[in-house]
Amino acid sequence: MTINSESPVRVRIAPSPTGDPHVGTAYIGLINYLYARQSNGKFVLRIEDTDRARFVATSEQEIFNSLRWLGLTWDEGPDLGGPYGPYRQSERTEIYREHVELLLANGTAYRAFENPEELEALRQRQIAAKLPPRYDGGHRDLSQAQIDAYLAEGRPYVIRMKVPAGSTTFRDELRGDITFEHSNVDDQVLMKSDGFPTYHLANVVDDHLMHITDVIRAEEWISSTPKHVLLYQAFGWAIPRFWHMPLLRNLDKSKISKRKNPVSLIYYRQAGFLPEAMINFLGLMGGGMPAVTDAQSGKNPGAPHLDSEMWASGASPTAPAPLNPASAPADAAKPASGAQVKPQTKSSETDIFTLPDMVARFDVKNIRLGGPVFDLTKLKWLNGEYIRALTPEKFYTALRETILSDAYLQQIAPLVQTRIETLGEFGNLTHFLFADDIMPPAEVFVPKKRTPEETLAFAADQLTVLEAFDSSTWTHEALEPALKKLGEEKQWSVKENFMLLRAILTGSTMSPPLLESMVVFGKSRTLDRVRRFLEAQKKLANIKK
RNA sequence: GGCGUCAUGGUGUAACUGGUUAACACGCCGCCCUCUCAAGGCGGAGAGUACGGGUUCGAUCCCCGUUGACGCUACCA
């Protein structure tokens, strides 16, 4: 039973608050947003916070801020409410409990009492025997007496879905039918022993209860779709349409990751990318914008243009962006009006378009399925186009609201006050906080008693340590012990340790205090700088060979 | 390893879903403009559509196989 094609379209994104808002969330958000606006449907934001272990308290707010920054406004969500709330899964645990009872009762799910250690041992045995690691169904057919005994003992358990024999075929709107043999589908855990549901259960229950008609999500979910289909069937519910979007990629074509690319939307905002450029670039990923023919461009004079009115900012590099940037496009569904600043390049006809343009012309069915590389080079060019199209006033405002905001300067000032003799020296000590490309020469970053090789290896270790932080834990108090611990482990003195990082961050051996500087500069940009340093050095080393 | 998905220059896309010298943009190179650097203008190199078979008068486009890449393979999402 599939969803009624007459039903009004309702789509959703369901990010989980486990860290910085991700560029992939924005991409999938964009496609969902477009589809909803084009079908006069609703776009729902749901927070999937069922993973207590990875939960990050500030993450949810950053997700809101980032999506609004991009102009991807939702119709229902945790902050807005709506007819099918609550929209935060941690507030729906009772609902999942009731539903999983239904499955237990109709025999499509069962309790399993193995503990994590036993399961891990099982996995290891299977791997050793070169078998596919999978739950062996050990507690699938426990007798009622046995179950009661375990329950009486108070033994913790999970609830797993009972995958029947056979196979499942579902339709992907972009690829056609996809079939999975059930022998390849695990008896997935639906309810964890902590009483929280897994993604699979929560996602199906919520999508049904929230009347979601189209599940537009990333390709990585294809393999678990049969589980979801099986769940819909177990509940006796209509199955939504599935659209699996290609995954954004690193330059080396692997799934986009923070190890190889800035993936945090906070980074892009702080580094001074304009939301219009960002959303435009995301719209380029995977295609979807039909080519403009001469005939069309004549009939559609308003289509490709830059609209400086859309500069939606309010974000300063370090202070959290306001909840609702005043200048965010209020209604992107109607073509923006106002001054059209159209760059003179030919590419303005094909590569440059706004969110309203996309609402008007984007065709989700046109999505190209090969994983598009998220290429910063082109993003930067695009951003340059948008910057040049700004009026001088808007450009000035953009600077003052981001890279030169009062909030930013107020944090920097105390770091340099005791270190300069004339105000004119301010830039001498702080230019690294305003520059994008900082690259210390080897004589600056390699400590006297170290070789370049061990220095780079240690820098890579530093990066690993720093990557473990998220924006909310990125503080002086937390960073200091973490870095010092690494130094102790690797036998690097505090001086060598901090001096190296200082050189990478500032390009110099002389700077304001390191930790404070890192905090002011922000996690995303600091990491990006270290990452770029390492990459550049790697390239240099290859050239020398 | 198993299962699944994908495949047009270095990158992003286009090519009336079978008929083009395979187009556009980014990047790269050169020239012009110019006090410099950008921007802008002009031009150039770079793919014969992963490979091999079919079907067809004709395949980037349809079919099969191979290869490669990627994803999943958690009490994460």
Side-chain angles (χ1 to χ4, degrees), chain A residues 14-19 22 24-25 47-55 89 112-120 123 126-127 129-135 156-160 167 172 174-176 178-186 188-203 217-227 244 246-256 281-293 343-352 366-382 384-385 387-388:
Chain A
S16 46
T18 51
H22 200 275
T25 303
I47 295 292
E48 305 234 347
D49 54 351
T50 55
D51 183 353
R52 291 175 335 177
R54 295 200 301 156
F55 180 75
Q89 290 186 328
F113 296 85
E114 294 96 340
N115 61 41
E117 292 71 37
E118 289 172 302
L119 292 175
E120 182 53 30
R123 259 174 59 83
Q126 287 168 328
I127 290 169
K130 297 209 186 251
L131 292 166
R134 216 193 317 275
Y135 180 64
Y157 61 89
V158 300
I159 296 173
R160 289 180 180 270
S167 68
D172 177 290
L174 298 173
R175 312 153 210 262
I178 300 176
T179 300
F180 283 82
E181 297 295 327
H182 289 180
S183 56
N184 294 312
V185 181
D186 217 349
Q188 186 57 234
V189 171
L190 300 176
M191 189 70 90
K192 300 179 249 181
S193 55
D194 64 3
F196 278 82
T198 58
Y199 168 85
H200 306 283
L201 204 227
N203 159 72
R217 75 225 305 186
E219 187 181 1
E220 55 190 333
W221 293 107
I222 290 178
S223 309
S224 29
T225 303
K227 294 171 187 170
H244 293 280
L247 248 18
L248 262 22
R249 310 296 181 93
N250 298 313
L251 246 17
D252 65 3
K253 299 275 189 185
S254 56
K255 169 173 153 181
I256 196 165
F281 184 64
L282 256 11
L284 247 19
M285 302 282 88
M289 276 301 260
V292 182
T293 63
Q344 293 309 301
T345 50
K346 291 175 194 156
S347 63
S348 63
E349 287 164 20
T350 53
D351 278 354
I352 298 187
N366 256 146
I367 289 289
R368 188 91 354 202
L369 266 8
V373 170
F374 191 91
D375 184 2
L376 270 313
T377 308
K378 182 140 185 183
L379 206 211
K380 285 186 80 173
W381 165 77
L382 203 49
E385 290 286 298
I387 283 185
R388 279 174 232 117

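Every chain is numbered from 1 and lettered A, B, ... according to where its sequence line falls, protein lines coming before strand lines. Since the model is a prediction, treat every value here as computed from it, not as a measurement.
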- Message: Taking salt bridge (Lys or Arg N to Asp or Glu O under 4.0 Å) as the definition, give me every residue that meets it alongside A/Arg134, ordered by chain and number, with sequence neighbours left out.
- Response: none

- How many Å lie between CZ on A/Arg388 and P on B/C37, as a whole number? 16 Å

- Would you indicate what A/Asn203 reaches in the nucleic acid, counting non-hydrogen atoms under 4.0 angstrom: base, sugar-phosphate, or nothing? nothing

- How would nucleotides 5-10 of chain B be written as a contact map, 5' to 3', with B for base contact, S for sugar-phosphate-only contact and - for no contact, using protein heavy atoms under 4.0 Å? SS----

- Task: Counting heavy atoms from C-beta on, name the nucleotide in B/G1, B/A77, B/C70 closest to the side chain of A/Ser254.
- Result: B/C70

- Item | From B/G27, B/G40, B/C72, nucleotide with atom closest to A/Lys255 side chain | B/C72

- Item | Per A/Asp51 side chain, nearest of listed nucleotides B/A74, B/C3, B/C76 | B/C76

- In whole angstrom, what separates A/Glu114's CD from B/A74's C1'? 14 Å

Just list the side-chain donor-acceptor pairs under 3.5 Å for residues 112-119 of chain A, sequence neighbours left out, or say none.
residue, atom, partner, partner atom, Å
A/Glu114, OE1, A/Tyr135, OH, 3.1
A/Glu114, OE2, A/Tyr135, OH, 2.8
A/Asn115, OD1, A/Glu117, N, 3.1
A/Asn115, OD1, A/Glu118, N, 2.8
A/Glu118, OE1, A/Asn115, N, 2.7

- Item | Between P of B/U11 and CH2 of A/Trp381, the distance in whole Å | 18 Å

- Treat a base pair as Watson-Crick or G-U wobble with both distances under 3.5 Å, then lay out RNA chain B in dot-bracket form, 5' to 3', with | for cross-strand pairs. (((((((..((((.....[...)))).(((((.......))))).....(((((..]....))))))))))))....

- Task: Choose from B/C70, B/U11, B/A77 the nucleotide whose nearest atom is closest to any side-chain atom of A/Tyr199.
- Result: B/A77

Could you list the donor-acceptor pairs under 3.5 angstrom formed by side chains in residues 367-378 of chain A, with sequence neighbours left out?
residue, atom, partner, partner atom, Å
A/Asp375, OD1, A/Thr377, N, 3.1
A/Asp375, OD1, A/Thr377, OG1, 3.2
A/Lys378, NZ, A/Asp351, OD2, 2.9

- Distance in angstrom units between A/Lys227 NZ and B/C3 C1', rounded: 11 Å

- Query: A/Leu247 has an atom CG; how far is it from atom P of B/C70, in whole Å?
  - Reply: 12 Å

- Sequence neighbours excluded, the answer for side chain to side chain contact (heavy atoms under 4.5 Å, CB included) partners of A/Arg123 is A/Glu120, A/Ile127, A/Pro133

- Message: By nearest atom, which of the nucleotides B/C72, B/C75, B/A25 is closest to the A/Pro116 side chain?
- Response: B/C75

- Message: Using a heavy-atom cut-off of 4.0 Å across all strands, would you classify A/Phe196 as base, sugar-phosphate, or nothing?
- Response: nothing

- Message: For A/Arg123 and A/Trp221, find the nucleotide of RNA chain B closest to each by heavy atoms; which residue's nucleotide sits nearer the 5' end?
- Response: A/Arg123

